[in-house]
Amino acid sequence: MSEEKSLHFIEEIVEQDLQSGKYKSIITRFPPEPNGYLHIGHSKSICLNFGLAAKYGGSTNLRFDDTNPVTEDTEYVESIKADIRWLGFDWSNELYASDYFDQLYAFAVSLIQQGLAYVDDSTSEEIAQLKGTPTEPGKNSAYRDRSMTENLQLFEEMKSGKYKDGEKVLRAKIDMAHTNMLMRDPIIYRIKHAHHHRTGDKWCIYPMYDFAHGQSDSIEKITHSICTLEFIPHRELYDWFIEKLSIFPSHQYEFARLNMTYTVMSKRKLLQLVNEGHVTGWDDPRMPTISGFRRKGYTPASIRTFCDKIGVAKRENLIDLSLLEFCLREDLNHTAKRAMAVLDPLKMVITNYETGKTEELTSENGPDASMGTRTIPFSKELWIEQEDFMEVPAKKWFRLAPGAMVRLKSAYIVQCDHFIKNEQGQVVEVHCTYIPESKSGSDTSGINVKGTIHWVSAAHATTAEIRLYDRLFRVENPSSEEGDFKEYINPDSLQIISKAYIEPSLSQATLEDRFQFLRKGYFCLDTDSTKNHLIFNRTVTLKDAWSKEVKKG
RNA sequence: UGGGUUAUGGUGUAACGGCAGCACUACAGAUUUUGAUUCUGUCUGUCUAGGUUCGAAUCCUAGUAACCCAACCA
């Protein structure tokens with residue numbers, strides 16, 4: 001099966017490298033900066049890096065790119081590790097760029113000794129000024145030709161804390177007229193008197209990304225360093241440092257990052273949503289974070305399948321959210337236990353059913369017989385869904401209406417005799433008669449009905465809060481719209497049903513359980529839930545052909 | 001006025017000079033004690049213009065469009 005599927009370009013590169021004998025086995029890495037929570041876009045990279053190593057018999061390191069102490073925190077380190085594990089992956093080594101600070105410092109000294117780096121006293125404004133623009137070459141800094149000994153001494157002084165933040169930087173000496181802006185004497189070390197989450201106050205100078213990432217790859221003998229497209233211009237610098245330092249030649253390859261409809265994917269924007277209270281936190285079920293999807297009830301398998309289906313290429317993309325939902329439903333359909341819950345209750349009284357009588361009816365837990373059955377209490381008064389009754393039935397309506405018959409799932413066929421309205425004209429009660437011979441499993445009535453609806457026995461029901469989520473944004477691509485992306489937030493992304501009626505068995509639900517509430521979607525317990533106050537999240541709706549029919553008119 | 005990357009149905013992704021395939025979406029139908037699932041079918045595509053070739057999505061030439069690059073962020 002897997003042989004039929006064609007390889008993506010990175011797999012082709014790996015196979016070539018293996019076949020040519022360039023490498024005996026491969027080593028990849030997943031290199032997050034611990035300054036935020038992982039999102040669905042990261043899972044593409046995780047599945048790629050870990051998947052490659054698994055497929056071709058290599059290993060994958062988890063390396064935290066923690067070279068900027070002011071934005072990073074151990075809170076993020078912990079959440080990142082939990083999210084990767086939840087997705088189903090395990091790393092060979094847990095490493096940190098900060099582990100290499102001594103080595104990186106030595107690399108910088110080596111560059112200075114080779115005359116390939118210098119200390120610059122210019123302000124950041126001056127440096128920006130002299131850098132030029134993409135269409136105009138830059139100019140050399142006045143400090144560019146300092147002697148090697150002076151540079152060595154100055155850099156040593158930077159390290160020892162003699163200078164304040166921003167007073168000096170160390171730059172690679174390359175070419176201020178280079179067409180690649182990153183090659184115009186990039187800053188490789190800056191002064192930051194800041195506390196680092198791991199190295200504490202040992203350092204007051206920190207390497208820039210470009211002076212840490214490639215070298216870290218090299219130290220770990222990473223064979224294939226895979227990153228996203230925006231790092232393409234960095235590759236030239238990446239290779240330059242490796243060459244000048246004469247270290248293990250890791251290679252960088254770039255693929256297009258994941259974009260998905262109706263959401264945003266940049267850490268900056270996600271941070272804004274959290275900080276400005278548009279969502280309740282990083283793990284809000286509306287967030288595209290891994291922890292958000294987890295809380296909402298997504299399964300790790302569905303996300304892995306999704307990442308597999310979207311492919312790996314270099315073209316900008318905007319993936320339909322519906323593909324993720326398809327992968328989710330496909331998984332949940334096979335694994336979720338079926339149960340009944342009424343979200344918008346309407347009282348049904350079965351007038352010819354004995355008052356006070358309770359029957360224990362049997363219902364299947366899922367499509368697969370191995371999932372077993374459970375019993376559900378049935379009695380004279382039930383809750384059904386308000387939307388399952390229409391006083392004046394629409395065309396092709398086969399649920400309840402005056403005179404109409406429906407099957408109560410796993411129970412009896414009932415016929416609607418009349419209904420009661422309140423003063424506001426709302427239907428508040430429907431009265432039905434049931435057909436005793438139509439009992440589910442032993443139906444001898446000979447009656448065929450088109451509609452089957454779910455229900456809960458009023459006397460036996462438990463209540464629960466239910467949270468219904470919708471897309472966070474009203475438009476497909478909030479980032480490409482005019483103005484601020486937050487203007488496009490969907491005001492109705494969360495609907496709370498404070499009192500829904502659920503079948504009794506649901507009171508035993510655990511956080512790990514996945515349910516399909518019949519005809520209403522997939523649900524799971526929320527982490528806010530308590531024994532006395534059950535809270536269910538809707539993971540995703542079921543596909544709904546009827547609502548489409550309604551829209552058509 | 002620079003450099004880099006990418007262009008295949010509505011979306012994503014295959015094709016490695018030889019029948020444009022697959023999946024999602026949409027639509028139609030069958031089955032259904034979930035208007036779900038399952039099954040069957042349908043619509044829709046090679047950025048443009050030239051050229052090479054028996055034959056071009058693929059090779060060549062010239063355009064066009066989108067994205068990225070001027071943080072002491074990663």
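By convention in this document, chain letters (A, B, ...) are assigned in the order of the sequence lines, proteins followed by strands, and residues within each chain are numbered from 1.
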Send over the distance from [X] [atom1] to [N] [atom2], rounded to a whole Å.
X	N	atom1	atom2	answer
N180(A)	rU5(B)	CG	C1'	13 Å
R235(A)	rG3(B)	CZ	C1'	13 Å
I310(A)	rA23(B)	CD1	P	18 Å

At under 4.0 Å between heavy atoms, what does [X] touch on the DNA or RNA strands: base, sugar-phosphate, or nothing?
X	value
S122(A)	base
S266(A)	nothing
L323(A)	sugar-phosphate

Item checked: Sub-4.5 Å side-chain heavy-atom contact between Y522(A) and R514(A) ->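 Result no, sub-4.5 Å side-chain heavy-atom pair not found.
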
Note to self: Between E364(A) and M371(A), is there a side-chain heavy-atom distance shorter than 4.5 Å?
What the structure shows: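 Not in contact.
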
Checklist line | P spacing across the pair rA66(B) / rU61(B), given as an integer number of angstrom | finding: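 Result for the P pair: 24 Å, nearest Å.
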
Check: When you compare rC19(B) with rU6(B), how far apart are their P atoms, in angstrom units rounded to a whole number?
Finding: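 Roughly 25 Å separates the two P atoms.
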
Checklist line | Heavy atoms from other residues, nucleotides or ligands near CD of E549(A) exceed 12 (cutoff 6.0 Å) | finding: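 Counting other residues, nucleotides and ligands, CD of E549(A) exceeds 12 neighbours.
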
Please pick, from [options], the nucleotide with the shortest atom-to-atom distance to any side-chain atom of [X].
X	options	result
K309(A)	rA23(B), rA36(B), rC72(B)	rA23(B)
A313(A)	rC67(B), rU13(B), rA74(B)	rU13(B)
L542(A)	rA36(B), rC16(B), rA70(B)	rA36(B)
L318(A)	rC27(B), rG12(B), rG3(B)	rG12(B)
N68(A)	rC73(B), rG12(B), rU34(B)	rC73(B)
K552(A)	rA28(B), rG35(B), rC69(B)	rA28(B)
T133(A)	rG2(B), rG35(B), rA70(B)	rA70(B)
M208(A)	rC73(B), rU37(B), rA70(B)	rC73(B)
D320(A)	rU37(B), rG10(B), rA74(B)	rG10(B)
V169(A)	rA36(B), rC72(B), rA7(B)	rC72(B)

Quick one: the side chain of [X] and the base of [N], do they pair up donor-acceptor inside 3.5 Å?
X	N	value
R338(A)	rU34(B)	yes
R399(A)	rG35(B)	yes
R407(A)	rU33(B)	yes
Q516(A)	rU34(B)	yes
H234(A)	rA74(B)	yes
E12(A)	rC16(B)	yes
S410(A)	rU33(B)	no

Please determine whether a side-chain nitrogen or oxygen atom of [X] lies at a distance below 4.0 Å from atom OP1 or OP2 of [N].
X	N	result
K543(A)	rU34(B)	no
R315(A)	rU13(B)	yes
R190(A)	rA74(B)	yes
K314(A)	rC68(B)	no
R519(A)	rG35(B)	yes

Checklist line | Assigned glycosidic conformation for rA7(B) [threshold 90° from 0] | finding: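 You should classify rA7(B) as anti.
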
Please name the nucleotide paired to [N] by Watson-Crick or G-U wobble geometry with both distances under 3.5 Å, or report none.
N	answer
rU53(B)	none
rA15(B)	none
rU32(B)	none

Item checked: Gap separating the CD atom of E33(A) from the CG atom of D65(A), nearest 0.5 angstrom ->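 If we round to the nearest 0.5 Å, E33(A):CD and D65(A):CG are 7.0 Å apart.
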
Checklist line | Of A256(A) and L408(A), the one whose closest RNA chain B nucleotide lies more 5' | finding: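 First, find each residue's nearest nucleotide; the 5'-ward one identifies A256(A).
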
Check: For V312(A) and I232(A), take the nucleotide of RNA chain B holding the closest heavy atom to each; which residue's nucleotide lies nearer the 5' end?
Finding: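 The residue whose closest nucleotide sits nearer the 5' end is I232(A).
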
Item checked: R538(A) side chain vs K520(A) backbone, donor-acceptor pair below 3.5 Å ->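 Side chain of R538(A) to backbone of K520(A): no pair is present.
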
Check: With under 30° as parallel and over 60° as perpendicular, where do the rings of Y501(A) and W383(A) fit, or are they tilted in between?
Finding: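 Aromatic pair Y501(A)/W383(A) classed parallel.
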
Margin query: Please tell me whether H454(A) and R338(A) have a donor and an acceptor in their side chains that are separated by less than 3.5 angstrom.
Written below: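 Looking only at side-chain atoms, R338(A) and H454(A) do not form any donor-acceptor pair under 3.5 Å.
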
Item checked: Check: F231(A) ring centre within less than 6.0 Å of Y238(A) ring centre ->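 No, they do not, as the ring centres are separated by 6.0 Å or more.
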
